[in-house]
Peer 1: 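I have a structure here, written as structure tokens, and I will follow up with some questions on it.
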Amino acid sequence: MESWRCHDCGTYEDFRPLTASEREYVRGRIPNHTRLSSYLVCTREGCRRYQRRGDWTDGAKFPDPDKS
């Protein structure tokens, strides 16, 4: 795991790579020139943030599990 500043948590947190289903969700929401492998997911309990490695301002939240 890698530690990065999480936009939503406001602190440095551990991030993990996207799972296959997460990759499909993110694929349609990022520019075509950006690699999916550069996106990571915050592992802090309750955080649904995905963001690009090295750019904490580039990302968004996954929908809540009960709303997807």
Side-chain angles (χ1 to χ4, degrees):
M1 279 198 227
E2 302 177 41
S3 290
W4 295 97
R5 180 178 177 188
C6 178
H7 182 274
D8 293 349
C9 297
T11 56
Y12 282 84
E13 300 295 335
D14 288 334
F15 281 77
R16 63 167 174 75
L18 297 168
T19 64
S21 61
E22 291 169 340
R23 289 173 68 91
E24 290 304 314
Y25 179 84
V26 173
R27 184 182 314 274
R29 290 164 175 79
I30 62 171
N32 288 337
H33 68 274
T34 308
R35 294 181 182 182
L36 277 171
S37 61
S38 65
Y39 283 85
L40 303 168
V41 179
C42 181
T43 60
R44 183 175 179 182
E45 183 72 32
C47 186
R48 304 283 302 151
R49 174 88 179 163
Y50 66 88
Q51 64 190 41
R52 192 165 46 141
R53 178 182 282 120
D55 185 0
W56 65 282
T57 62
D58 181 6
K61 289 183 182 181
F62 288 109
D64 290 331
D66 57 346
K67 294 181 181 177
S68 51

Peer 1: What's the separation between atom NE2 in His7 and atom CH2 in Trp56, rounded to the nearest 0.5 Å?
Peer 2: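 Going from NE2 on His7 over to CH2 on Trp56, the span is 5.0 Å.
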Peer 1: Taking salt bridge (charged side-chain N to carboxylate O under 4.0 Å, His left out) as the test, write out the residues that go with Arg48, two or more places apart.
Peer 2: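 Salt bridge (charged side-chain N to carboxylate O under 4.0 Å, His left out) check on Arg48 returns nothing, list empty.
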Peer 1: Mind checking side-chain hydrogen bond (donor to acceptor under 3.5 Å, both in side chains) for Arg53 and listing every partner two or more places apart, or none if nothing turns up?
Peer 2: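 Partners of Arg53 by the side-chain hydrogen bond (donor to acceptor under 3.5 Å, both in side chains) criterion, ordered by chain and then number, come out as Glu2.
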Peer 1: Using side-chain contact (heavy atoms from CB on, under 4.5 Å) as the criterion, list what pairs up with Tyr25, not counting sequence neighbours.
Peer 2: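 Only Arg29, Tyr50, Phe62, Pro63 meet the side-chain contact (heavy atoms from CB on, under 4.5 Å) criterion with Tyr25.
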Peer 1: Atom CZ of Phe15 and atom OG of Ser3: how far apart are they, to the nearest 0.5 Å?
Peer 2: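 Output value for this atom pair is 9.0 Å.
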Peer 1: Which residues satisfy the side-chain contact (heavy atoms from CB on, under 4.5 Å) test with Ser21, sequence neighbours excluded?
Peer 2: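 Applying side-chain contact (heavy atoms from CB on, under 4.5 Å) to Ser21 gives Thr19.
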Peer 1: Spell out, as yes or no, whether a donor-acceptor pair under 3.5 Å connects the side chain of Thr43 to the backbone of Asp14.
Peer 2: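 Confirmed, Thr43 side chain pairs with Asp14 backbone.
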Peer 1: Test of understanding: with side-chain contact (heavy atoms from CB on, under 4.5 Å), list the residues that count as partners of Thr11, not counting sequence neighbours.
Peer 2: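 Counting only residues at least two positions away or on another chain, Thr11 forms a side-chain contact (heavy atoms from CB on, under 4.5 Å) with Cys9, Glu13, Arg44.
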Peer 1: Using a 3.5 Å cut-off and no angle test, enumerate the donor-acceptor pairs between side-chain atoms of residues 31-41 and protein atoms at least two apart in sequence or in another chain.
Peer 2:
{"residue": "Ser38", "atom": "OG", "partner": "Arg35", "partner atom": "O", "Å": "2.6"}
{"residue": "Tyr39", "atom": "OH", "partner": "Asp58", "partner atom": "OD1", "Å": "3.3"}
{"residue": "Tyr39", "atom": "OH", "partner": "Asp58", "partner atom": "OD2", "Å": "3.0"}

Peer 1: At what distance, to the nearest 0.5 angstrom, does CZ of Arg52 lie from CH2 of Trp4?
Peer 2: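 Interatomic distance, Arg52 CZ to Trp4 CH2, rounded to 0.5 Å: 11.0 Å.
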